Amino acid sequence: MSNKVVIGAQWGDEGKAKITDLLAQDADLIIRYQGGCNAGHTVVAHGKTFKFHLIPSGILYKGKTCLIGNGTVILPEYFEQEIEGLKKENIDLSGLKVSPLATITMPWHTEVDGYSEDNAKKGKIGTTKKGIGPTYTDKMARIALKIQDLYSPEALNEKLDVILPLKNKQLKEVYGLKTYSKEEVLALCDKYAKLFEPYVCFDWQEMLQNFKRENKKILFEGAQGVMLDVDFGTYPFVTSSNPVGGGAATGSGYGPTVINEVIGVAKAYVTRVGEGPFVTELTDETGDRIREVGHEFGVTTGRPRRCGWFDAVTMKYACLVGGLTSIALTKIDVFDRFDEIKLCTAYKDTRDGKIYTSYPTDVYIHKYLEPVYESHKGWGVDITGIRKYEDLPLNARKYLERLEEVLATPISIVSVGPDREQTICK
Ligand code: IMP
């Protein structure tokens, strides 16, 4: 196995967990490189369902090293819950490492996220309210706490003297929220220091160098999806990190040169949670049918996901900006009983008839766009037991080959069900 990055190629929830779980078998080091506990990854293993938010799901395999990288933001209370849940299941956590450079989500970050969402009249993002945006905001403003600060009284003292007066003014005057005393925050940091202590990887440079030198296999685990990327997604309806393949180079401790492949996971249709444009969204019974058959409800929030036909316009864009070398297409079995499957190959502007085959990055015009579809015949049989590409029904293969043609990117993996075995590697 070469060193691979697995990313979401749509708006998240593409089934990345299953693909990373599959690839983690052959990896020595698995690195989660961006996002925080806004992600929800479900893995079925040892006859049990595990829901991950922050910890790489590779932890379920014995003997793997799983690093929560510098590009992530960590909500300590969620980390603790995840750790406790895994301990209860007797999962060995000795391979779990946390980068000292990861950023801490403090209580004010979740409070501000919640306040902003609950009080937004215009411009609501529909966030997971896990403090993601406010934490990354402070990271970029250089007023965030990093994991390593928890073990440096000097850093903590100096930083809090800068951070707290600013934060308290903002919390009180802008949001009307509770303020924090230094003593209170120091006590909290003391608790966090104890929580993270067994996992903080102060020797991460040596560790990463050793894995590289020994030619060990590295898997970079992305969260969310390209269309939620803060640079390339449907801004401002995005998350605050870089789910594109390039994020692995800044959020892990390795530069881009160790990466050999970027696999973009996409569903055979599209879903989205939260607000923001979605040109192929179906608000009719076909959308409801996809949601029901595909069990499209959020892992982190339980929200019903918005559903629509596969959008090759955004996917072509995701192939480019995500840096994809191949695609893992999931949930194609959801269409087993569909007579017709639609594929959006262009957008039409209802104002002047202009056709877009490239993704228009000005999302404020998306409300004027309608999808241009081509229609594909369904296959009408259960494909969940198929393991070889050539055994797929002709219409399913035709659909997949058409996708490869439109996207100019090969499909390397086809997933036909939630289990590890329900996978076709091309
Ligand atoms: P935030 O990441 O909580 O700030 O939310 C920003 C946007 O990203 C919202 O539309 C969320 O619904 C969406 N989002 C964040 N994480 C995920 C995810 O793991 N899957 C799907 N959507 C997500």
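Numbers for residues simply follow the sequence, beginning at 1. Keep in mind it's a predicted model, so treat the numbers as computed, not measured.
- If you run side chain to side chain contact (heavy atoms under 4.5 Å, CB included) between F52 and each of T42, I59, D21, only I59 comes through.
- Remark: K64 is positioned above the aromatic ring of Y61, its terminal NZ or CZ atom under 6.0 angstrom from the ring centre and at most 45 degrees off the axis.
- Side-chain atoms of E89 do not come within 3.5 Å of backbone N or O of L86 as any donor-acceptor pair.
- Annotation: cation-pi geometry not satisfied between K48 and F50 (NZ/CZ under 6.0 angstrom from ring centroid, within 45° of ring axis).
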Worked check of side-chain hydrogen bond (donor to acceptor under 3.5 Å, both in side chains) between N38 and Q224: CA-CA 8 Å; N38 46 349; Q224 290 83 45; 3.1 Å; yes
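- Note that the CD atom of Q10 and the CG atom of D311 stand 8.5 Å from one another [nearest 0.5 Å].
- In this structure, H53 and E82 approach most closely via the heavy-atom pair N-OE2, 3.0 Å.
- Between Y359 and H366, a ring centre-to-centre spacing shorter than 6.0 Å is recorded.
- The main-chain N or O of S252 is found under 3.5 Å from a side-chain atom of N70 such that the two form a donor-acceptor pair.
- Using cut-offs of 30° and 60° for the angle between ring planes, the F335 and W309 rings count as tilted.
- The shortest non-hydrogen separation linking T409 to S326 is CG2-CA, 3.9 Å.
- When all heavy atoms are compared, the tightest approach of V313 to T357 is CG1-O, 4.0 Å.
- For R272 and F278, the positive end is not near the middle of the six-membered ring at less than 6.0 Å and at most 45° from its axis.
- In this structure, OH on Y399 lies 11.0 Å from CZ on R402, to the nearest 0.5 angstrom.
- For F79, the ring pair (Phe, Tyr, Trp, His ring centres under 6.0 Å) criterion is met by F196, Y199, not counting sequence neighbours.
- Closest non-hydrogen pair, D113 versus G131, comes out as OD2-N, 2.9 Å.
- Y175 meets the ring pair (Phe, Tyr, Trp, His ring centres under 6.0 Å) test with Y115; sequence neighbours excluded.
- When all heavy atoms of G323 and V262 are compared, the pair lying nearest together is O-CB, 3.3 Å.
- Under the 6.0 Å distance and 45° angle rule, R305 does not count as a cation-pi partner of F297.
- In this view, D284 and L282, T286 satisfy the side-chain contact (heavy atoms from CB on, under 4.5 Å) rule, not counting sequence neighbours.
- Considering every non-hydrogen atom in both T110 and K129, the closest pair reads CG2-O, 4.1 Å.
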